[in-house]
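Just below is one structure, and these are the notes that go with it.
Whatever order the structure lists ligands and atoms in, that order sets their numbers, starting from 1. The structure displayed is predicted, hence computed values, not measured ones.
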Amino acid sequence: MNILAFESSCDETAAAVVTDGRTIRSNVIASSVDIHALYGGVVPELASRAHVEAIAPVATRALADAGMTLNDIDAVAVTYAPGLIGAVLVGVNFAKSVALAANKPLIPVHHVRGHIAANYLTHPDLKPPFLCLCVSGGTTAIVHVKDYTVMEVLGSTRDDAVGECFDKVARVLGLPYPGGKYLDELAQTGRDDAYPLPGAHVHDAPMDLSFSGLKTAVINLVHNAQQKNEVLSLPDLAASFSKAVSDALIPRVLHAAGETGCRQIAVAGGVAANSRIRADLEQACRTANLRLFLPSLPLCGDNAAMIAAQGYYELLAGHTADSSLNAYATRDLAQG
Ligand code: KG4
């Protein structure tokens with residue numbers, strides 16, 4: 001079954017064709033990140049305009065790269081939540097038009113469910129149940145994937161998402177936007193014990209996290225040093241921050257594994273590309289005898305192949321929509 005999917009929840013306009021939820025036929029991404037880099041963050045109105053300009057050519061290219069026409073497509077999937085509302089609307093309306101014109105089923109897909117499904121594209125043998133650490137620019141959660149479309153959020157951030165925290169810290173360190181990957185590179189040359197930083201503990205909630213204190217601690221450290229004309233080691237600070245994030249995430253994943261009895265762990269979202277988190281998880285899972293599934297680096301960030309992959313399982317579960325489908329800025333992952 002060939003699914004044509006669209007993703008436009010933030011600053012990537014993407015279209016892809018995936019067969020049977022597992023095999024990528026094409027995966028096209030047009031990013032507007034260069035426009036937003038001028039402002040140090042995503043400007044929603046500019047993101048929406050960029051999606052409007054890019055979505056038709058990206059769709060045409062996805063079909064061409066797959067060597068297919070709409071006649072070869074069995075269903076159309078689209079990210080319908082969560083995201084920047086004007087941005088999500090562009091993808092939803094485009095997908096509705098394609099589905100209507102080609103008389104194909106329309107499948108609404110939750111963006112974070114899509115990130116989780118990136119693991120199905122990387123690991124053909126991965127099947128639920130498993131735990132997924134979802135870490136992106138907008139989400140930080142530990143999800144129990146009980147079945148392909150049955151999920152429970154066991155713990156999540158009470159404030160900042162981990163990617164947002166990486167980007168804000170990168171900004172005070174003077175790195176380009178989006179800073180997560182630059183901070184990751186810088187951290188690889190630094191000492192991770194140079195600056196003691198707070199954890200992300202939430203009282204009486206062992207699987208929840210709070211990153212605002214950690215973010216503020218780094219920002220205060222940098223501003224205090226500037227006021228006193230002290231020079232900080234940016235690689236050491238990047239490494240200490242990366243360690244603090246990893247040290248916050250990994251014990252909670254292990255705790256969730258203990259609580260649920262799940263022996264398979266996956267990771268999803270843009271921050272799943274982080275080298276420190278990947279290495280620490282590999283070590284922790286080896287020690288705890290858990291099987292770890294990491295998405296391939298190109299599939300960590302936003303893309304439409306992951307939406308097609310999850311769309312396949314949503315379709316098998318009968319989760320389709322008609323042309324009244326709306327877009328939502330927020331939506332519970334467990335609801336789908
Ligand atoms: O999944 P994604 O592309 O978009 C959302 O759905 O939110 O995630 C983007 C986030 C950004 O905050 C970006 O800085 C972060 O992922 N990111 C990283 C790395 N690569 C991307 N954060 C830490 N280390 C990385 N290597």
How far is atom 13 (C) of ligand 1 from its nearest protein heavy atom, and which residue and atom name does that atom have?
-> Asp167 OD1, 3.7 Å
For ligand 1, is His115 a contact, meaning one of its heavy atoms is under 4.0 Å away?
-> yes
In ligand 1, which numbered atoms sit nearer than 4.0 Å to a non-hydrogen atom of Asp184?
-> 24 (N), 25 (C), 26 (N)
Quick note on ligand 1: atoms under 4.0 Å from a heavy atom of Gly163 include exactly 12 (O)
Interfacing atoms of ligand 1 (cut-off 4.0 Å, heavy-atom, Gly180) = 14 (O), 18 (C), 19 (C), 22 (N), 23 (C), 24 (N), 25 (C)
Taking only residues two or more places apart in sequence or in another chain, which ones pass salt bridge (charged side-chain N to carboxylate O under 4.0 Å, His left out) with Arg263?
-> none
Sub-4.0 Å heavy-atom contact, His111 with ligand 1 = yes
Without swapping roles, check the side chain of Gln264 against the backbone of Lys127 for a donor-acceptor pair under 3.5 Å.
-> yes
Taking N or O atoms only and a 3.5 Å limit, does Gly269 qualify as a polar contact for ligand 1?
-> no
Can the ring centroids of Phe166 and Phe241 be said to lie less than 6.0 angstrom from one another?
-> yes
Please list, one pair per line, the donor and acceptor atoms closer than 3.5 Å that link side chains of residues 269-279 to other protein atoms, with sequence neighbours excluded.
unit_1	atom_1	unit_2	atom_2	d
Asn274	OD1	Arg276	N	3.1
Asn274	OD1	Ile277	N	2.9
Ser275	OG	Asp184	OD1	2.6
Ser275	OG	Gln188	NE2	2.9
Arg276	NE	Asp280	OD1	3.4
Arg276	NE	Asp280	OD2	2.8
Arg276	NH1	Asp192	OD2	2.7
Arg276	NH2	Asp192	OD2	3.3
Arg278	NH1	Ala272	O	2.7
Arg278	NH1	Pro295	O	3.3
Arg278	NH2	Pro295	O	2.9

Proximity to ligand 1 by part of Val271, non-hydrogen separation under 4.0 Å | both
By number and element, which atoms of ligand 1 are closer than 4.0 Å to a non-hydrogen atom of Gly301?
-> 3 (O)
Check whether the ring centres of Tyr120 and Tyr313 lie less than 6.0 Å apart, and answer yes or no.
-> yes
One finds that the ligand 1 atoms under 4.0 Å from a non-hydrogen atom of Gly270 are 1 (O), 2 (P), 8 (O), 16 (O), 17 (N), 18 (C), 19 (C), 20 (N), 21 (C)
Counting heavy atoms only, which of Leu183, Asp302, Val169 is nearest atom 2 (P) of ligand 1?
-> Asp302
Distance flag, aromatic centroids of Phe130 and Phe293, threshold under 6.0 Å = no
Interfacing atoms of ligand 1 (cut-off 4.0 Å, heavy-atom, Gly137) = 5 (C), 7 (O), 8 (O), 9 (C), 10 (C), 12 (O)
Applying side-chain hydrogen bond (donor to acceptor under 3.5 Å, both in side chains), run through Thr149 and Glu314 and close with a yes or a no.
-> CA-CA 6 Å; Thr149 61; Glu314 300 288 352; 4.9 Å; no
Run the numbers for me: atoms of ligand 1, each under 4.0 Å from some heavy atom of Asn274, listed by number.
-> 23 (C), 24 (N), 25 (C), 26 (N)
Asp11 side-chain N/O to Val33 backbone N/O, donor-acceptor pair under 3.5 Å = no
Is there a donor-acceptor pair closer than 3.5 Å between any side-chain N or O of Thr140 and the backbone N or O of Val162?
-> yes
With side chains defined as the heavy atoms from C-beta onward, is the minimum distance between Leu333 and Val143 less than 4.5 Å?
-> yes
Examine Ser275 against ligand 1 and note whether any of their N/O atoms are separated by less than 3.5 Å.
-> no
So, does Gly138 sit close enough to ligand 1 that a heavy atom of it is under 4.0 Å from the ligand?
-> yes
